[in-house]
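Numbers for residues simply follow the sequence, beginning at 1. From a predicted model like this one, the values you see are computed outputs, not experimental measurements.
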Amino acid sequence: MKKLLLSTLIIQFLLIGVSQGSDFNKTVKKDIELVQKEDIKTWCAVSGEELYKNYKTSHTAHDYDGKPTQYASLSYLVFDVEENHVKLQNSKVVDVSSNKLIPTKDAYYVMGSNVKGTKSKISKLAFTKKEDAKIFVSKNGGNIVSFEEAFAEAEKSLKEDMKPSNPKKMQREYLKGKKIYEAKCSNKEIDLKVYNWINYLKADLKNQCKKLKENQLHSVALYLWNVKRIENRAVNKIVEVRKEDKCPVCGMFVYKYPKWAAKLEFVKHEHKHYYVFDGVKDMIKFVHNPKKYNEHEKMIEQKLLVTDYYTQYAIDGKEAFYVVGSDTLGPMGNELIPFKYEEDAKTFLKDHQGTSIFKFSEITSELICKLDGLETCE
């Protein structure tokens, strides 16, 4: 019996422990599970890297439209939760032992082993069976934690983890990408503001540019994503929010929801002031009844800014077109989705089962109450 138990443990160790520690290989090329749609499925949604290279740390989730997304690491998933509000319901992670995707809620994570992390100083590897995780720890160190604990640690270190590990090397990569882009893609119109994920950009580049090898394609994508896109955002202003800014209506920190940010700028006692909101709906509530939210003194309104849903740029709230009744929810539930152009609003309404389009002057308190699920505003 003891020999049988020992043999079983050895087999488990061989299955789990091959190439561990500093030699642990996160690359898996065969029989891997890729969940994204065909033209983007091989690339991480956030980094654009090929998923097979760090497959052992791969995670999946779903975007706000319910489409599957996949990441090279937990850090990238955490980033996308904050940046694009992807959904963690039904999220999955690769089981180190079997290379199969398993529900994150059921996984045993080994955190802090001597295996190098993927876009993180602290490694996080998942297992279906606790016994497998224990064997891994005995060889490589670390602690066994839940998904919630691993996620919290990734959140804590996210800002530091997202910094380039080698800035000079990254700058050389951007320069390389720029040269390839200008030589092979310069005649193609690429509208960067339509992309929320870099793998979608890579898919279009693959079709639009002259034939590129994977490393060339990745260099071009990084250049456009991290250089040109940022330059465009600098020219086209976003709704600026400070980390300490709270919505005066719901009390939430607005910086967590940049894609929904709205801003009221005004003058009071000859000084400029502002309020920021985590959605148009809360902004309208405040504008319609500022006294309810403890703003009792006379305000001279100067500007209302909202975030165009497609471009993510700041636009004039009084000139925008707002879609209501869609299947897209904001931080506070049903929302008015703003667009600079009526044509964009019509497209969104059609794609997301919207019911109506309103101009700012047409938005009533009764409409806001209905969005909150209230029969009346009493």
Side-chain angles (χ1 to χ4, degrees), residues 15-16 18-19 24-81 83-110 115-120 123-129 132 147 150-151 154 161-162 194-209 211-222 224-225:
L15 287 172
I16 303 163
V18 173
S19 300
F24 183 84
N25 190 356
K26 290 177 281 187
T27 300
V28 181
K29 293 186 177 181
K30 293 183 178 181
D31 300 323
I32 61 177
E33 295 187 50
L34 302 174
V35 302
Q36 299 172 121
K37 70 175 189 174
E38 190 65 30
D39 57 342
I40 62 168
K41 71 177 185 179
T42 61
W43 300 308
C44 172
V46 171
S47 69
E49 66 190 79
E50 292 180 287
L51 287 165
Y52 81 87
K53 292 182 177 178
N54 286 296
Y55 182 72
K56 293 280 190 182
T57 56
S58 182
H59 286 69
T60 72
H62 290 84
D63 69 16
Y64 40 72
D65 288 327
K67 298 185 186 72
T69 53
Q70 194 158 1
Y71 310 90
S73 75
L74 179 58
S75 294
Y76 289 130
L77 170 59
V78 172
F79 175 87
D80 217 19
V81 168
E83 183 72 8
N84 290 309
H85 307 295
V86 298
K87 302 171 184 176
L88 288 176
Q89 293 91 335
N90 303 315
S91 60
K92 293 184 177 181
V93 61
V94 169
D95 168 35
V96 169
S97 302
S98 66
N99 292 332
K100 300 297 182 183
L101 288 168
I102 61 172
T104 54
K105 63 182 179 62
D106 298 330
Y108 295 95
Y109 279 77
V110 174
V115 173
K116 184 179 179 181
T118 305
K119 199 56 182 174
S120 174
S123 62
K124 303 166 190 73
L125 295 156
F127 297 84
T128 301
K129 299 176 182 178
D132 290 353
F147 170 66
F151 190 92
D161 288 341
M162 286 296 116
V194 305
Y195 299 99
N196 286 332
W197 293 277
I198 191 173
N199 53 356
Y200 282 86
L201 172 61
K202 284 187 75 170
D204 284 349
L205 286 171
K206 189 173 182 178
N207 293 326
Q208 293 179 23
C209 302
K211 193 172 182 180
L212 300 177
K213 296 178 181 178
E214 170 60 31
N215 65 331
Q216 293 176 314
L217 179 64
H218 192 59
S219 296
V220 172
L222 288 176
L224 291 175
W225 193 253

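- With I40 as the partner, the side-chain contact (heavy atoms from CB on, under 4.5 Å) test is satisfied by one option alone out of D204, L201, N199: N199.
- A heavy-atom distance below 4.5 Å is found between the side chains of L125 and V115.
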Evaluate the criterion side chain to side chain contact (heavy atoms under 4.5 Å, CB included) for residue pair D161 and F79; output intermediate values, then yes/no. CA-CA 10 Å; D161 288 341; F79 175 87; over 6 Å; no

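- With hydrogens and angles ignored, the 3.5 Å screen pairs a side-chain donor or acceptor of Q36 with a backbone N or O of W43.
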Tell me, with the steps shown, if V86 and H62 meet side chain to side chain contact (heavy atoms under 4.5 Å, CB included). CA-CA 6 Å; V86 298; H62 290 84; over 6 Å; no

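- For S73 and Y71, the side-chain atoms include no donor-acceptor pair closer than 3.5 Å.
- Checking side-chain atoms of Q208 against main-chain N and O of L205 turns up no donor-acceptor pair under 3.5 Å.
- Heavy-atom contacts from other residues, nucleotides or ligands closer than 6.0 Å to CG of N207 number more than 12.
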Report the C-alpha separation of S75 and M162 in whole Å, then their side-chain angles, then the decisive distance to 0.1 Å, and conclude whether the side chain to side chain contact (heavy atoms under 4.5 Å, CB included) test is met. CA-CA 8 Å; S75 294; M162 286 296 116; 4.0 Å; yes

Evaluate the side chain to side chain donor-acceptor pair (under 3.5 Å) criterion for residues D63 and T69: first the C-alpha distance (whole Å), next the side-chain angles of each, then the deciding distance (0.1 Å), finally the verdict. CA-CA 7 Å; D63 69 16; T69 53; over 6 Å; no

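- Closest approach of S91 and T104 over heavy atoms only: OG-OG1, 2.7 Å.
- Between the side chain of Q70 and the backbone N or O of T60, no donor-acceptor pair lies under 3.5 Å.
- Remark: K202 engages E214 in a salt bridge, criterion side-chain N to carboxylate O under 4.0 Å.
- Annotation for I198 and C44: closest pair CG2-O, 4.0 Å, computed over non-hydrogen atoms.
- Ring geometry, Y109 versus F147: the interplanar angle falls from 30° to 60°, so the pair is classed tilted.
- Among residues at least two apart or in separate chains, salt bridge (charged side-chain N to carboxylate O under 4.0 Å, His left out) pairs with a member in residues 42-55 are E50-K53.
- Environment of NZ in K92: sparse, with no more than 12 heavy atoms of neighbouring residues, nucleotides or ligands closer than 6.0 Å.
- Minimum interatomic distance between T118 and K26 (heavy atoms only, all atoms of both residues): OG1-NZ, 2.8 Å.
- Note: S47 OG to L222 CG = 8.5 Å, rounded to the nearest 0.5 Å.
- Judged by distance alone, the side chain of T57 and the main-chain N or O of A72 form a donor-acceptor pair under 3.5 Å.
- A donor-acceptor pair shorter than 3.5 Å cannot be found between the side chains of S123 and K116.
- A107 and I102 make their closest contact through CB-CD1, 3.8 Å (heavy atoms, listed as atom of the first residue, atom of the second, distance).
- A donor-acceptor pair under 3.5 Å links the side-chain atoms of D95 to the main chain of T128, judged by distance alone.
- N25 and K56 get closest at one heavy-atom pair: O-CG, 3.8 Å.
- Taking NE2 of H59 as the reference point, atom CG of L88 lies at 10.0 Å (rounded to 0.5 Å).
- By the 4.5 Å heavy-atom criterion applied to side chains, Y52 and T42 are not counted as neighbours.
- The closest side-chain heavy-atom distance from L51 to L34 is below 4.5 Å.
- Expressed to the nearest 0.5 Å, how far CG of D39 lies from NZ of K206 amounts to 9.0 Å.
- Side-chain atoms of Y55 and N99 include no donor-acceptor pair closer than 3.5 Å.
- At a cut-off of 3.5 Å, with distance as the only test, no side-chain donor of D132 or Y108 sits close to an acceptor on the other residue.
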